[in-house]
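Let me begin by presenting the structure, written as structure tokens, before commenting on it.
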2 protein chains.
Amino acid sequence: MKTLNNQIIRPSLLLDKQKCISNIEAMITRAQKANARLRPHFKTHQSVEVGNWFKERGVDCIAVSSVEMAKYFADHGWEDITIAIPINVREIDLINELASKIHLNLVLESRESILYLESELQHSVGIFIKIDVGYHRCGIPSEAIGSIKILTDLMKEAEQLRCKGFLTHNGHNYKAKDQNEIHNNHSKTLLSLNELKDVFRNEIPNIQVSLGDTPACSISKEFYGIDELRPGNFVFYDIMQYVLGSCEENEIAVAMACPVIARNIDRKELVIHGGGIHFSKEFIEADQDGTKLFGSLVRITENGWSEILGGGFLAELSQEHGIIRCSDILFDEFTIGDIIGILPVHSCMTANLMRKYLSTDGTWISTMNSEQQTIDN
Amino acid sequence: MKTLNNQIIRPSLLLDKQKCISNIEAMITRAQKANARLRPHFKTHQSVEVGNWFKERGVDCIAVSSVEMAKYFADHGWEDITIAIPINVREIDLINELASKIHLNLVLESRESILYLESELQHSVGIFIKIDVGYHRCGIPSEAIGSIKILTDLMKEAEQLRCKGFLTHNGHNYKAKDQNEIHNNHSKTLLSLNELKDVFRNEIPNIQVSLGDTPACSISKEFYGIDELRPGNFVFYDIMQYVLGSCEENEIAVAMACPVIARNIDRKELVIHGGGIHFSKEFIEADQDGTKLFGSLVRITENGWSEILGGGFLAELSQEHGIIRCSDILFDEFTIGDIIGILPVHSCMTANLMRKYLSTDGTWISTMNSEQQTIDN
């Protein structure tokens with residue numbers, strides 16, 4: 001009989017469809033309670049099939065992280081897409097192609113981008129100004145009213161640019177110590193964005209504020225003044241989110257399944273086929289002495305995986321090898337050729353590398369990286 | 001006129017064919033001087049076209065890091081391939097298919113692997129026993145003669161297994177402080193492997209010892225008793241190897257080219273489209289205070305790139321964004337839509353993610369990841 005376990009030949013990313021769908025439904029409910037539109041960020045799964053699980057539940061607008069990703073989902077019937085990264089003006093041809101077909105929103109934060117788009121855009125697009133409320137990756141500080149006004153004024157003159165409002169990403173919540181820090185960040189964010197909204201309410205008709213980060217969207221109850229939630233990682237969650245307190249262990253919807261290829265009895269280490277080109281090299285510091293955690297162990301079951309196993313963790317990664325440190329008991333449990341499950345530290349990076357999912361019902365799910373050959377510039 | 005610069009639309013990995021070919025020719029010469037066979041590891045470039053640059057110069061045997069990669073190169077005419085990772089016995093069907101067509105070498109270190117292969121292999125393969133000479137990732141310690149003898153004895157009874165000798169990878173040289181540490185590691189390695197070779201000379205007819213790591217193969221002059229050199233990274237090199245002293249700056253043959261999408265004048269930061277899904281999240285610690293370096297900056301020229309630019313570096317990566325910290329002068333030099341070049345910290349990981357190369361002569365070079373759709377298990 002073809003069990004999940006004996007279907008696994010090489011490193012594979014398992015996807016538990018039921019957990020994934022309940023994550024989707026939970027976030028839809030949270031957005032409804034917040035009286036906000038849910039515009040899920042599809043950079044995490046990058047899959048039309050997973051996208052359809054949203055569509056079947058009434059979601060009709062999405063965010064993506066590149067123009068290529070927007071094209072992939074537009075080609076598969078999505079008609080309202082926000083490219084949630086400051087726009088790369090060199091992609092103007094593909095942007096024009098998309099803008100001619102779908103409702104496209106772009107993000108920017110500079111005069112130069114507006115002037116370039118104004119001269120090159122052949123079709124109307126929505127524009128969100130990127131606002132920084134503490135992450136300090138990009139965006140205009142929410143208190144820099146003057147700088148923001150320069151952009152809104154400039155857009156009034158730009159035929160194809162409809163300024164829709166403000167977009168922010170609280171990436172600093174991923175570095176929070178605990179839920180309290182996330183709640184504090186989020187309260188400050190709400191305050192800043194509502195102040196900003198009030199200032200520009202008359203400048204920008206039907207002003208919209210879009211906020212997206214999985215930690216705040218997963219645990220916060222208050223979204224006053226927020227028109228749109230834009231989380232992405234929640235569809236799968238991962239160990240990083242579990243440690244942050246954004247999710248429960250049993251909400252993590254993906255697990256790597258890797259064959260044991262060597263064992264070292266002196267060091268009590270299991271070597272797996274599964275390295276940086278499968279997991280990514282993202283890690284979390286497991287303790288003060290700098291020990292790195294690249295993933296947590298689970299046992300693959302007939303139709304999924306177990307709770308996290310104590311007494312072991314994924315401790316090192318090279319290109320195709322992974323090293324699992326474990327207790328005597330755990331070490332003795334796994335031999336050459338066995339499959340060991342590992343919950344990834346950062347599911348977005350792992351999913352992007354793995355390029356397809358083995359659903360726990362035994363079917364394969366493709367993504368934009370497995371469906372299409374890469375396109376030349 | 002179509003210059004290299006205006007051909008770049010989105011994050012692209014540039015490949016300088018001349019630098020790459022001179023790296024290849026230099027390593028061929030070093031192997032000849034060492035009186036050793038060169039079996040380059042193709043996991044770094046994963047490209048038939050780059051592989052042909054070796055073939056045209058007389059190289060006819062290679063190493064790869066997975067059974068899938070072996071199939072890709074076998075399908076493109078390579079007939080002598082070593083899969084240089086402890087074999088994943090679950091891939092036996094593909095292994096048998098390959099063993100029926102080409103001269104295939106496998107690596108192992110356990111009784112279980114031998115017993116499994118003995119019962120399942122339908123065609124003859126060469127076997128290298130993985131030896132640990134200090135990296136402690138996998139392999140049997142070179143001094144554990146008894147454990148090694150158990151495997152060589154077992155293989156005498158196994159019809160399809162021809163034990164060829166020993167294979168080692170000095171991964172710890174990548175963590176060396178300086179060239180002296182690499183030389184010291186390498187001397188110890190030569191001593192251990194030659195002792196081992198003497199012990200098993202009569203056990204294993206025409207005993208072979210294969211050693212592969214780019215640092216030692218790039219800077220050491222002494223390879224007494226080594227039959228085969230198996231480096232991979234040298235084909236491109238990278239900032240990690242440059243810092244180690246394995247290569248000169250002008251031997252680094254790949255550079256990322258990324259568009260500037262935002263600028264923060266207060267922090268003097270340039271935001272590029274180019275993140276963890278392009279570079280990988282590999283970094284080196286730039287100094288004691290834990291500052292991370294994800295890449296070094298260069299200026300893209302008409303047919304390549306400049307020397308490393310002082311006053312700036314790639315300091316942070318998220319999924320698709322990169323943050324470049326720079327001096328006032330460098331900051332003022334780049335505006336929205338400009339292309340900035342970045343020499344990657346670890347070219348193997350970056351090349352695997354980028355999946356194709358833009359040759360500095362303006363042509364695109366594919367790899368196994370861009371040519372073929374992923375195959376289901």
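Order of the sequence lines fixes the chain letters, A, B, ..., with proteins taken first and strands second; residue numbering starts at 1 for each chain.
- Residue B:Ile272: no heavy atom, backbone or side chain, is found under 4.5 Å from chain A.
- For A:Ile85, the parts lying near chain B are the backbone and the side chain together; criterion is any non-hydrogen pair under 4.5 Å.
- Rounded to the nearest 0.5 angstrom, A:Leu108 CG and B:Ile336 CD1 are separated by 9.5 Å.
- In this structure, no portion of A:Tyr174 lies under 4.5 Å from any heavy atom of chain B.
- Taking CD of B:Glu320 as the reference point, atom OG of A:Ser65 lies at 3.5 Å (rounded to 0.5 Å).
- With a 4.5 angstrom heavy-atom cutoff, B:Tyr116 does not touch chain A via any of its atoms.
- Each of A:His41, A:Lys43, A:His346 was compared with B:Gln319 under the side chain to side chain donor-acceptor pair (under 3.5 Å) criterion, and only A:Lys43 meets it.
- For a residue to count as touching a neighbouring chain, one of its non-hydrogen atoms must lie under 4.5 Å from one of that chain's; by this rule A:Ser366 does not touch chain B.
- Contact between B:Asn88 and A:His273 at its shortest, heavy atoms only, is ND2-ND1, 4.4 Å.
- With 3.5 Å as the limit, one finds no donor-acceptor pair spanning the side chains of A:Arg10 and B:Ser66.
- With a 4.5 Å cut-off on non-hydrogen atoms, A:Ile87 touches chain B through its backbone but not through its side chain.
- Residue contact with chain A, scored on non-hydrogen atoms closer than 4.5 Å, is absent for B:Asp266.
- The candidate from B:Ser318, B:Ser280, B:Gly171 with the greatest count of non-hydrogen atom pairs under 4.5 Å with chain A is B:Ser318.
- Proximity to chain B (any heavy atom under 4.5 Å) is restricted, for A:Glu109, to the side chain, taken from C-beta onward.
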